[in-house]
There are 2 protein chains.
Amino acid sequence: MGDSTGVKAARRNISADERRRQLVAAALRVMKRDGIAAATTRAICAEAGMPHGAFHYCFHTKKDLYAAVLASDREIDLDDAWPEIRPDASPEENVRTLLSAYWSQVEADPGAQLVLYELGTVALRDPELQDLPQIEHRESVEKATGYISRLAKEAGLTYLREEGVLADLLLATLNGVTWSWLSHRDDARARASLDQFAGLLATLVRA
Amino acid sequence: MGDSTGVKAARRNISADERRRQLVAAALRVMKRDGIAAATTRAICAEAGMPHGAFHYCFHTKKDLYAAVLASDREIDLDDAWPEIRPDASPEENVRTLLSAYWSQVEADPGAQLVLYELGTVALRDPELQDLPQIEHRESVEKATGYISRLAKEAGLTYLREEGVLADLLLATLNGVTWSWLSHRDDARARASLDQFAGLLATLVRA
DNA sequence: ACAGGACTTGGTCACTTGACCAAGTCCTGT
DNA sequence: ACAGGACTTGGTCAAGTGACCAAGTCCTGT
């Protein structure tokens, strides 16, 4: 109303790249809230506040969107939630607090985890998307390796196995516990499994 | 041709229950081969060699079929593939051979595992199906507990933790390793994780 | 200023999918 | 034998869905 140009209002053009980002974000929101099946091109555009026609201007095909989402869907990140590690505490205790920090993030957003599995199954079935889970998995292992190595530094300990091997197993177990938890939804039970595993991992550590 | 009644051929009526079984089996075949998204009512009927109309005579709704498939989709079974356990071998070695026997079954039919995750995600999103993963999970834990306890008996060892707790963690890790393997498809790497885990489990055992 | 490309929008299309139904055919109990 | 219910079949329907397009509007380089 304050604008003297009147009704025409603001139709500012946005770069296609920016729109792509918005669509990916909107798609992720819809998927988390209503599941991947509900994430139709129309629902995504509506969530992003765009007309439906915008979709195929930004993405040639819906598969392209999936690819973009998969590439953007970085999973849980501890960089901003790194717990306090005490060199004087037992290794088991330190491992436990680290896993607990990770788990808090999982518990905070179950939908995000579920979307990860939904996207994974879709990608694993589609020949055109099959490499993406592999890439994502490699990046996860690298990130986990980084955390493991940081833990060693801060807690002042050494591993009896190669860090990559530990990261592999750790990642698998975390994924498995998450999957189980999505099924039974028993927080205590999931944390119990995690604590058990922390105890086992501490076996492979020398202070 | 040998039938004197001629062209009319065999139109034998089958009980609805039997048809339901056939449809569930056909659905599982289609899902394993082409993914859950390809398992349309038509595709399933075609796979089962039935006309499309038969579907909604046997199942009121497609969700009912999902429920039936989920209920029937018993996962990996070691009863017919139980390995030889030697009381004179080390606990770690025995755990390892048990996990290896399990893993051979996973490797033999990757599609079956993927379908499990696909069905899981679908069920977890649908309020009407949400209890099914929970039930399935409980049954899995019970079965795993049975195997763990059988291992103890045959190998002559005792656990330092409650068997249910071990089963919970074991199940999670197996699931996680499977998921990772579906992504990277590196057989050796999956088995390496499993061997590591066997070593850790052996920590919780007393001969 | 203005040409030309980047962006925007609503509408349309071919196709699939789950659901349903009416008109049959078979089969069992009496 | 035969009534009545269980089973069978092909066809149809409404509701989406991804894809595409033509006619615009905006904006930047020259």
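In what follows, every chain begins at residue 1, and chains take the letters A, B, ... in the order their sequences are listed.
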Check if the side chain of A:Arg42 and the base of D:dG16 share a donor-acceptor pair of N or O atoms closer than 3.5 Å.
no
Return each pair, listed once, that meets salt bridge (Lys or Arg N to Asp or Glu O under 4.0 Å) where at least one residue sits in [range]; pairs must be two or more places apart or across chains.
range                       : answer
residues 163-175 of chain B : A:Arg189-B:Asp168
residues 77-86 of chain B   : B:Asp77-B:Lys143
residues 91-116 of chain A  : A:Lys32-A:Asp109, A:Glu92-A:Arg96, A:Arg96-A:Asp195, A:Glu107-A:Arg191

In Å and rounded to the nearest 0.5 Å, what is the CG to CG distance from A:Leu194 to A:Leu174?
6.0 Å
What residues in residues 25-32 of chain B put a non-hydrogen atom under 4.0 Å from any atom of DNA chain C?
none
Tell me which residues in residues 45-60 of chain A lie within less than 4.0 Å of DNA chain C, going by non-hydrogen atoms.
A:Pro51, A:Gly53, A:Ala54, A:Tyr57
So if I take every side-chain heavy atom of B:Thr40 and compare against C:dT17, D:dT9, C:dT8, which nucleotide ends up nearest?
C:dT17
Which residues pass the side-chain hydrogen bond (donor to acceptor under 3.5 Å, both in side chains) test with A:Arg185, sequence neighbours left out?
none
Which residues pass the side-chain hydrogen bond (donor to acceptor under 3.5 Å, both in side chains) test with A:Arg138, sequence neighbours left out?
none
Output the rounded distance in Å from [atom1] ([X]) to [atom2] ([N]).
X        : N      : atom1 : atom2 : answer
B:Ile44  : C:dA19 : CD1   : C1'   : 14 Å
A:Leu23  : C:dT9  : CG    : P     : 12 Å
B:Asp126 : C:dG18 : CG    : P     : 14 Å
A:Asn13  : C:dG4  : CG    : C1'   : 14 Å
B:Asp17  : D:dA6  : CG    : P     : 13 Å
B:Leu65  : C:dT17 : CG    : P     : 15 Å
B:Ile14  : C:dT25 : CD1   : P     : 19 Å
A:Lys62  : D:dC20 : NZ    : P     : 15 Å

For A:Ala144, which residues count as a side-chain contact (heavy atoms from CB on, under 4.5 Å) partner, sequence neighbours excluded?
A:Ala167, A:Leu171
Using the test ring-ring contact (aromatic ring centres under 6.0 Å, His included), find all partners of A:Tyr147 that sit at least two apart in sequence or belong to another chain.
A:Trp82
Tell me, which pairs form a ring-ring contact (aromatic ring centres under 6.0 Å, His included) where one or both residues lie in residues 108-143 of chain A, sequence neighbours left out?
A:Tyr117-A:Trp179, A:Tyr117-B:Trp179, A:His137-B:His184
Please, which pairs that meet ring-ring contact (aromatic ring centres under 6.0 Å, His included) have at least one residue in residues 34-57 of chain B, sequence neighbours excluded?
B:Phe55-B:Phe59
Min side-chain heavy-atom separation B:Leu200-A:Leu204 under 4.5 Å
yes
B:Thr41 side-chain N/O to C:dA19 phosphate OP1/OP2 under 4.0 Å
no
Under 4.0 Å from OP1 or OP2 of D:dA6: is there any side-chain N or O of B:Ser15 that close?
no
Hey, mind stepping through B:Ile135 and B:Leu70 against side chain to side chain contact (heavy atoms under 4.5 Å, CB included) and telling me if it holds?
CA-CA 10 Å; B:Ile135 295 173; B:Leu70 271 164; over 6 Å; no
How is the base pairing of DNA chain C summarised as a dot-bracket string, given the Watson-Crick and G-U wobble criteria with both distances under 3.5 Å, [ ] for crossing and | for another strand?
||||||||||||||||||||||||||||||
Could you check A:Lys63 against B:Arg19 and say which one's nearest nucleotide on DNA chain D is further toward the 5' end?
B:Arg19
